[in-house]
Amino acid sequence: MPTVILGGGISGLTAAYYLLKKNCTSIALLEASNRFGGWIKSNKQKNDSIFEEGPRTIRPRGNPGINTLNLIDDLGLSENILPIKNDSAVARNRMIYAGGELHSLPNTFSSLLKVQKPFSKPLLMHLLQDLVTKPKIVKDESIYNFTRRRFGDEVAEYLISPLIRGICAGNAQEYF
Ligand SMILES: Cc1cc2nc3c(=O)[nH]c(=O)nc-3n(C[C@H](O)[C@H](O)[C@H](O)COP(=O)(O)OP(=O)(O)OC[C@H]3O[C@@H](n4cnc5c(N)ncnc54)[C@H](O)[C@@H]3O)c2cc1C
């Protein structure tokens with residue numbers, strides 16, 4: 001009787017890997033789509049750059065982090081890791097694509113006080129809007145509408161919507 005793993009994303013593939021390491025040789029890994037990897041989708045472009053459609057970072061902290069790094073090492077992939085230090089420009093800068101252009105998001109206190117595209121006023125003004133927003137009893141509302149009501153259209157559109165799309169591949173306007 002084989003051990004059956006449902007789904008060939010990183011979880012299923014990792015489960016299969018550890019089972020094999022424990023000498024369990026009768027494994028069936030069932031994948032519904034025509035490829036393994038699940039959300040992990042690395043697309044190599046013509047100029048050799050890699051566009052990640054899904055996850056692209058790991059934050060190896062504590063024992064789970066060590067475990068992940070050991071797994072990467074076991075698979076002979078250590079050379080492929082690009083370490084990013086906290087003070088690196090990549091870690092400090094966040095870009096969003098809005099109105100056909102890339103914009104860097106405010107990332108220092110002083111930048112909260114300046115008008116920075118695509119926002120039409122300093123981000124701090126949007127955040128302060130929360131203090132004057134009157135309480136409202138709502139039965140349920142989407143993350144988008146909640147943010148829009150408390151911080152304004154631009155925060156919902158340029159901060160929260162990309163955040164929900166980028167982390168959860170979800171739609172901030174939907175109800176969860
Ligand atoms: C846009 C985006 C960016 C992300 N960025 C990061 C990041 O930078 N760092 C990070 O750590 N995490 C990130 N995440 C989260 C991370 O991608 C997921 O937590 C992880 O990929 C989940 O892996 P999984 O194997 O559990 O599930 P999935 O990747 O969803 O894989 C599940 C697999 O199961 C298959 N399946 C489903 N139902 C069945 C069925 N009935 N029978 C057979 N097969 C089935 C699916 O086709 C799929 O291949 C990101 C997620 C998204 C969407």
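Counting convention: from 1, in listed order, for ligands and their atoms alike. Residues take their numbers from the sequence shown, with the count starting at 1.
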| task | Would you check ligand 1 and list the protein residues that come within less than 4.0 Å of it by any heavy atom, ordered by chain and number? | result |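 Leu6, Gly7, Gly8, Gly9, Ile10, Ser11, Leu30, Glu31, Ala32, Gly38, Trp39, Glu53, Gly54, Pro55, Arg56, Thr57, Gly166, Ile167, Ala169.
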| said: Quick check: closest heavy atoms across Arg56 and Gly166, and the distance to 0.1 Å? | reply: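 Scanning both residues, the minimum pair turns out to be NH1-O, 3.9 Å.
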| query | Going by an N to O cut-off under 4.0 Å, is there a salt bridge joining Glu154 and Lys121? | reply |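 So Glu154 does not pair with Lys121 through a salt bridge.
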| Hey, are Lys117 and Glu101 close enough for a salt bridge, meaning a charged N less than 4.0 Å from a carboxylate O? |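 A salt bridge links Lys117 with Glu101.
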| field | Ile143 backbone acceptor or donor facing Thr147 side chain under 3.5 Å | value |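 Yes, the answer is positive, given that a donor and an acceptor are paired below the 3.5 Å cut-off.
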| request: Write down the atom of Leu105, the atom of Phe119, and the distance for their closest heavy-atom approach. | output: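 Nearest heavy atoms, Leu105 then Phe119: CD2-CE1, 4.0 Å.
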| Is a side-chain N or O of Arg61 found less than 3.5 angstrom from the main chain of Pro64, in a donor-acceptor match? |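 Not a single qualifying donor-acceptor pair exists.
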